[in-house]
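A short write-up of the structure that comes next.
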Amino acid sequence: MDLNYTPEDIAFRKQARTWIEQNLPKKEIRTLEDRLAWHRKLFDAGYLGMGWPKEYGGGGARPMEQAVVADEMARANAPAPTNSLGLGIVGPTIVVHGTDAQKRRYLKKILSAEELWCQLYSEPNAGSDLAALRTSAVDQGDHFLVNGQKIWTSAGAIADWGLLLARTDTKVAKHKGISCFLMNMRQPGVDVRPLKQITGSSEFCEVYMTNARDEKSYQIGKLGEGWAIAQTTLGYELGGRALARITNYASQHSRLVEAAKRMRRHGKPLIEDPLVRQKLGRIWAEIEVERYQALRTLTLLERGEHPGAGGSLTKLSYSELEKRFMELALEILGPYGQLTEGAPKEFQLEIDTAVGERGSWAYAYLWSRAGTIYAGSSEIQKNVIGERILGLPKETRADRVGGKA
Amino acid sequence: MNFSFSDDQILLKNSVRAALDEQCKPEHVRAMFDDPKGYSAELWGEMAKLGWLGLPFPEEQGGAGLGLVELALLLEEMGRAAYPGPFFTTVVLGGLGLMLGGSAAQKDKWLSAFASGKARATAALLEEHLDWDPAATAATAPKAGSGWTLSGLKRFVPWAHTADVVLVPARSPEGLSLFLVDPKSPGVTLTPMVGIDLGSRWSEMRLDKVAVGVDAILGRPGAAGPVVEALLRRAAVMSSAEMLGAARRCLDMSVEYAKVREQFGQPIGSYQAIRHRCAEMLLEAENAHAAVYYAAWALTAGAEDAAVAASICKSYVNEAARKVCGDAIQVHGGIGFTWEYDLHLYMKRAKGLEPLYGDTEYHRELITRHVTSSR
Ligand SMILES: Cc1cc2nc3c(=O)[nH]c(=O)nc-3n(C[C@H](O)[C@H](O)[C@H](O)COP(=O)(O)OP(=O)(O)OC[C@H]3O[C@@H](n4cnc5c(N)ncnc54)[C@H](O)[C@@H]3O)c2cc1C
């Protein structure tokens with residue numbers, strides 16, 4: 001065991017840091033155009049799709065290099081690129097499961113954000129039970145006809161394309177009748193309606209597909225492989241953001257420490273209050289342990305292994321930590337932490353919300369409630385951990401009665 | 001000993017619920033988010049007619065002469081409806097504040113104006129550093145002629161923009177004093193501070209040499225400490241009642257949803273993960289109920305442990321409501337994260353009240369002082 005970074009990784013980090021120092025946008029990002037400009041800069045510098053194959057516009061970089069760049073971005077509070085689902089889910093899916101022609105056609109445009117993507121998985125009645133999805137794709141000989149409704153589609157309103165799961169066979173077991181497609185969002189059969197979130201912004205949407213057309217060339221993998229494909233993509237995001245997420249928490253933590261230094265209680269700075277010190281120390285330990293865990297994940301990825309169900313532990317751990325962290329931040333900041341307008345500068349949190357809005361503690365607090373719901377809720381993660389890692393017997397479930405699901 | 005509501009109290013609770021179900025639907029709450037004033041004058045008039053605006057005031061001043069248990073019942077229902085408006089600030093902060101420290105003339109003037117719906121009030125209990133201890137007040141009130149001039153910065157003053165009178169603690173040469181300030185006086189500047197609960201409006205209130213007369217002081221000059229502390233205790237318990245109502249609403253919605261929402265071919269409420277969560281939510285709501293009504297009774301009855309019961313109440317309900325409302329979002333999944341669904345109205349109401357009228361730490365400190373001095 002050696003937890004030192006190699007001299008190459010250290011040099012690489014230095015290089016990334018210098019680039020960021022020189023290129024970080026001077027102005028606050030306010031519009032999608034501003035963000036696209038920053039995105040293209042990152043793309044030109046080779047900092048997007050770093051792990052994707054070189055022949056398709058990627059960088060062929062090691063997981064550690066990807067993690068280091070993301071980490072440096074977080075350290076500098078750099079704004080996020082756009083097209084996060086394209087970069088995080090769709091691209092990797094095409095890299096692993098797409099044909100050569102699909103890789104040539106789509107990957108580069110994901111990286112350059114010439115085409116923006118969303119993920120069309122969840123449906124009103126298929127959330128945790130994703131395999132219950134009912135959107136149908138019917139083979140019409142030269143194309144598929146798609147009908148159904150998707151919901152909670154992040155970035156649906158700006159997306160040109162979607163990665164779609166649809167049912168192609170209703171006669172087989174529910175997991176086996178699902179296939180994976182690319183969906184052109186810019187067609188008359190696709191109707192996108194924004195949904196407002198409790199944060200007040202509209203990041204997710206409902207998507208209605210009525211006789212929408214899907215070309216044969218949009219099919220990913222074989223028919224009936226959709227479920228298996230979706231399972232592999234859920235883990236892709238793990239490595240790249242592993243360190244960055246924690247570095248984000250760390251910069252929020254330091255904003256919190258600053259705020260505690262400014263406020264006074266009993267005639268002394270709040271930071272001298274033993275209770276506040278305990279709280280800050282405790283959450284810092286939790287954040288750091290999360291970082292150590294990320295290093296373990298990175299070690300696996302560097303060896304070419306996939307964490308598999310272990311990814312459930314990671315997701316459960318950080319999403320629950322984020323909720324605890326934000327509750328604690330609001331305990332220390334009091335009502336200042338709830339302000340969306342009128343907050344004095346020292347009690348603002350200038351984090352980036354990835355939708356071209358300035359972040360606030362209030363936003364980060366509300367947003368922390370989402371992490372334990374999306375991409376497999378905490379309850380589902382615990383079921384996975386219990387069943388697949390610990391080998392505990394499965395809970396009795398109606399959809400399993402009389403056979404295997 | 002009888003820890004159940006009387007028939008009259010149940011009648012009151014039911015009639016408040018019926019009126020709010022009718023006149024304070026979620027659509028109303030949402031409509032007020034975009035209203036410049038933030039509350040409905042029509043509903044305010046209705047509340048005056050129903051006798052709510054004078055519920056705890058003496059009958060001589062147009063009130064109903066009821067106690068804090070009744071007021072808690074009413075506020076629990078308001079939390080349950082996420083009622084947007086200056087009810088709490090007028091009746092609790094203004095009204096109870098005047099009852100605690102006001103002269104006969106002040107009470108005659110203001111309580112009847114509150115009860116009839118003609119005037120609204122609030123109190124400016126927080127400053128820049130969020131210290132709930134009245135002794136930490138930094139605002140100053142040097143003498144000027146027969147009166148005083150007030151200067152200072154107050155923050156998170158609820159519904160100040162609708163108030164006709166604001167209770168303002170400040171340091172006069174005599175010590176801590178409580179003043180009645182007209183927020184339209186020269187020298188007062190109000191700036192909105194927008195929190196996550198859009199049904200509760202906050203302002204920053206800057207006072208720059210605001211002149212007040214000798215009749216503006218509440219109680220004796222220099223003797224405001226105990227009045228502010230007593231007011232804070234009442235506000236703590238009454239805001240807990242409101243949080244309890246919001247939490248109950250979240251609980252009810254979650255249980256309803258867990259019964260009908262199916263995933264994997266059966267209701268999610270049949271999974272232990274959800275069922276146990278709902279059971280824990282109920283436990284917290286029931287404990288919170290006990291804490292609220294014990295304290296409300298103790299304050300009304302002048303019980304020996306009233307002060308510590310108020311602190312126990314607020315510190316307990318702060319955590320209970322946080323858990324219940326947070327878990328409610330989790331039970332709902334994606335739909336709990338949408339603006340269109342009503343759950344967040346109640347969750348944000350409870351969250352907004354959590355740091356007010358003494359945060360958890362402030363009240364725990366008072367509890368510990370109590371147990372260490374009396375044993
Ligand atoms: C901010 C946000 C962004 C999202 N973005 C996207 C997106 O871009 N694309 C997309 O396809 N989807 C997206 N989603 C949807 C997300 O993946 C679903 O919300 C999630 O799968 C949960 O499904 P549900 O909302 O239907 O909740 P449900 O599945 O109805 O769950 C409700 C509750 O029941 C629990 N539960 C369900 N089954 C079990 C069980 N067997 N045992 C114990 N407990 C159980 C859940 O844990 C939860 O607490 C997003 C969601 C959010 C909140």
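The chains referred to below are lettered A, B, ... by the order of the sequence lines, with proteins before strands, and numbering in each begins at 1. These numbers come from a predicted model, not from an experiment.
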Whatever's closer than 4.5 Å to a heavy atom in chain B on A:D273 counts as neither
Turns out that what part of A:S122 lies under 4.5 Å from chain B's heavy atoms comes down to neither
Practice task
Please determine if A:R262 and B:E128 form a salt bridge, counting it only when a charged side-chain N lies under 4.0 Å from a carboxylate O.
Solution key: no
Here the pair of heavy atoms bringing A:T372 nearest to B:Q330 is OG1-OE1, 2.6 Å
Pair count under 4.5 Å, heavy atoms only, with chain A: among B:R322, B:H344, B:E204, highest is B:R322
Under 4.5 Å to a heavy atom of chain B? For A:A126 that would be backbone
*For the pair A:Y336 and B:R155, evaluate side chain to side chain donor-acceptor pair (under 3.5 Å) and give the outcome as yes or no after the intermediate values.*
CA-CA 10 Å; A:Y336 285 121; B:R155 281 199 170 138; 2.7 Å; yes
Whatever's closer than 4.5 Å to a heavy atom in chain B on A:E395 counts as side chain
Next item on the list: Look at the side chain of A:R369 and the backbone N and O of B:I329, then say whether any donor-acceptor pair between them is shorter than 3.5 Å.
Entry: no
Taking every heavy atom of A:D129 against every heavy atom of B:Q263, the minimum-distance pair comes out as N-OE1, 2.8 Å
### Message
Salt bridge check, B:K351 against A:E327: does any charged N sit closer than 4.0 Å to a carboxylate O?
### Response
yes
Checked B:A135, B:G265, B:A273, B:G334 vs chain A; the most non-hydrogen pairs under 4.5 Å come from B:G334
Checked B:M347, B:E354, B:E340 vs chain A; the most non-hydrogen pairs under 4.5 Å come from B:E340
Applying a strict 4.5 Å limit to non-hydrogen atoms, the region of B:W202 in contact with chain A is side chain
Nearest heavy-atom approach of B:L356 to A:P335 is CD2-CG, 4.3 Å
Requested in this report: Establish, yes or no, whether a centroid distance under 6.0 Å links the rings of B:F337 and A:Y374.
Outcome: no
